[in-house]
Amino acid sequence: MNQIQNITEPQPYLTLLPENEDVFAPDSAFLAKHLLPLVSIDLSAVNPEWRGKIHLVNPIEPHDCYIGSYTEEFHNEFAAENWFLLQLDENNHYQWLGEKRYFILENENHAEICFNQMQPHSDQMHKDYLEVKARFKETGKMNSTDHFINQYAEPNILLNWIGGEFSVSNYISPLDQYFDLQIIEERTDHEEVHIYDKQGNRYYFIACASGWQYCTSGADDILMYYQPETKRVLFTFDWT
């Protein structure tokens, strides 16, 4: 697929606001507490050789920092500051690979992290998300709360980009501490980034969206990458 920008209308290869049970595997159902499913994408639309669906999700965290900033002792090769990996199983469901306590709200008794501040933020995010889903079921249109209140607002952008490559931006750090990032200077208007794991397998850019287009808060770009050999999905986040 050639890169498409600023998708504002539903497309045949997109499923907007999918249900939790269509996104998270039963053994990782706890993820619905921390990740809000925004849109599922048919992988064949991006690459005809790929099959199945991939799901772009908006993390509840952070409240005032990067995801993982307060839980460094639970970082590993699957999740660290401002990025994490999910495993796609044979049913196109996500399984969690990292340490569960990577998420702040899995650390209720941890005195050094802002559990008390996170819970009200989480409650508000879930409330707003459910209202957005209810409006979508009623009208067939995706309107965030801000767009719903302001009837003269521009349409929500469902995906900022899909397909192609993504350019260099502030998400590359600290991602570059865990992955091999190769800067490609094939275009004159921006530098592209190819992401490889330590075994040399590439993560291919799939799509990105602004979390705040769907919810009360979220990254300016939720970046989603796919590794076909392992069926692992990399999420990282660009804040501008």
Side-chain angles (χ1 to χ4, degrees), residues 20 23-25 28-39 54-88 94-129 132 144 159-160 166 169-179 181 193 195 197 203 205-227 232-240:
N20 289 330
V23 174
F24 305 120
S28 296
F30 81 98
L31 289 172
K33 179 179 177 181
H34 309 290
L35 307 175
L36 303 175
L38 303 186
V39 57
I54 193 170
H55 318 284
L56 193 144
V57 296
N58 186 24
I60 295 295
E61 301 172 29
H63 176 51
D64 60 354
C65 54
Y66 289 145
I67 189 170
S69 291
Y70 289 110
T71 54
E72 185 174 357
E73 65 261 53
F74 305 120
H75 291 182
N76 56 27
E77 69 270 29
F78 303 119
E81 187 176 57
N82 204 43
W83 69 268
F84 57 82
L85 293 175
L86 295 172
Q87 179 70 54
L88 266 178
Y94 281 148
Q95 295 176 313
W96 180 244
L97 297 171
E99 163 60 55
K100 192 173 182 180
R101 289 176 292 174
Y102 170 78
F103 298 104
I104 289 174
L105 290 180
E106 298 294 335
N107 294 271
E108 185 171 358
N109 298 319
H110 197 299
E112 297 182 2
I113 55 179
C114 56
F115 178 87
N116 291 334
Q117 289 88 353
M118 268 304 305
Q119 190 61 63
H121 171 70
S122 175
D123 293 343
Q124 182 59 46
M125 286 279 283
H126 279 281
K127 178 178 180 293
D128 183 68
Y129 177 72
V132 169
S144 68
L159 292 175
N160 297 335
F166 200 79
S169 191
N170 59 27
Y171 71 93
I172 67 173
S173 179
L175 192 68
D176 55 0
Q177 298 176 26
Y178 300 87
F179 297 86
L181 272 56
V193 181
I195 301 175
D197 65 13
Y203 283 91
F205 175 73
I206 300 297
C208 65
S210 298
W212 49 263
Q213 288 276 0
Y214 290 81
C215 305
T216 53
S217 67
D220 295 297
D221 275 303
I222 303 168
L223 304 174
M224 181 171 64
Y225 294 80
Y226 177 62
Q227 188 178 91
R232 288 180 178 171
V233 183
L234 169 65
F235 285 91
T236 188
F237 309 91
D238 193 72
W239 303 85
T240 55

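Every heavy atom of this structure was used, including side-chain atoms; hydrogens, water molecules and symmetry mates were not. In what follows, residues are counted from 1 in the order of the sequence shown.
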Undergrad: Taking the side chain from Asn58 and the backbone from Ser217, do they hold a donor-acceptor pair closer than 3.5 Å?
TA: yes
Undergrad: Would you say Tyr102's side chain and Phe78's backbone share a donor-acceptor pair under 3.5 angstrom?
TA: no
Undergrad: Determine whether Trp83 and Phe237 make a side-chain contact, defined as any pair of heavy atoms from C-beta on separated by less than 4.5 Å.
TA: no
Undergrad: Can you list the residues that meet the side-chain contact (heavy atoms from CB on, under 4.5 Å) rule with Asn20, with sequence neighbours excluded?
TA: Phe24, Ala32, Pro37
Undergrad: Any side-chain donor-acceptor pair under 3.5 Å between Gln124 and Asp128?
TA: no
Undergrad: Taking everything shown except Glu72 itself, do over 12 heavy atoms lie less than 6.0 Å from its CD?
TA: no
Undergrad: Taking Asn107 for the side chain and Arg101 for the main chain, is one N or O donor matched with an acceptor at less than 3.5 Å?
TA: yes
Undergrad: Determine whether a donor-acceptor pair (N or O, by modelled atom type, separation under 3.5 Å) exists between the side chain of His55 and the backbone of Tyr94.
TA: no
Undergrad: Quick check: does any side chain N or O of His34 sit under 3.5 Å from a backbone N or O of Pro59, one acting as donor and the other as acceptor?
TA: no
Undergrad: Does the pair Asp220 and Ser210 meet the rule for a side-chain hydrogen bond (donor to acceptor under 3.5 Å, both in side chains), with working shown?
TA: CA-CA 5 Å; Asp220 295 297; Ser210 298; 5.7 Å; no
Undergrad: Is it true that Glu99 and Asn76 share a donor-acceptor pair across their side chains at a distance under 3.5 Å?
TA: no
Undergrad: With sequence neighbours left out, write down each residue that passes salt bridge (charged side-chain N to carboxylate O under 4.0 Å, His left out) with Lys100, or none if nothing qualifies.
TA: none
Undergrad: Hey, could you give me the OH/CG distance between Tyr225 and Leu175, rounded to the nearest 0.5 Å?
TA: 8.0 Å
Undergrad: Does any part of the side chain of Ile104, heavy atoms only, come nearer than 4.5 Å to the side chain of Ile60, both counted from C-beta?
TA: no
